[in-house]
Amino acid sequence: MTIDCREAVRRMWAYLERALDRPQADELDTHLETCRRCCGELEFARHLRSLLAASERGEPMPAEVRARIELLLAGGPET
């Protein structure tokens, strides 16, 4: 089965947490092999997870990253 970008993005956090079953992870891997947009989304999610983990360790999140996240959470424009 082939998944579309919407489904790929929906699965990404579970994928990063290794919470997908093998068939779902395989479908996402297959999609990522050909979709540059979703590869970028995955890299962003990985980077965001590392920033959040650093924040939990007491390392401050860069102000520009925090501002962009707050804007997105508030429903502001994506840039």
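Please read these numbers as outputs of a predicted model, since none were measured by experiment.
Taking CD of E27 as the start and CG of D21 as the end, the distance is 8.0 Å to the nearest 0.5 Å. To the nearest 0.5 angstrom, M12 atom CE is 13.0 Å from R49 atom CZ. Expressed to the nearest 0.5 Å, how far CG of L20 lies from OH of Y15 amounts to 8.5 Å. To the nearest 0.5 Å, atoms CD1 (I3) and CG (L32) are separated by 7.5 Å.
Panel note: side chain H31, backbone A8; no donor-acceptor pair is recorded below 3.5 Å.
A salt bridge links R22 to D29: one of the charged nitrogens lies within less than 4.0 Å of a carboxylate oxygen.
Taking both residues in full, the closest heavy atoms of L16 and A45 are given as CD1-CB, 3.6 Å, listed atom of the first, atom of the second, then distance.
Put simply, the side chain of T2 does not reach to within 4.5 Å of the side chain of T30, judged on heavy atoms.
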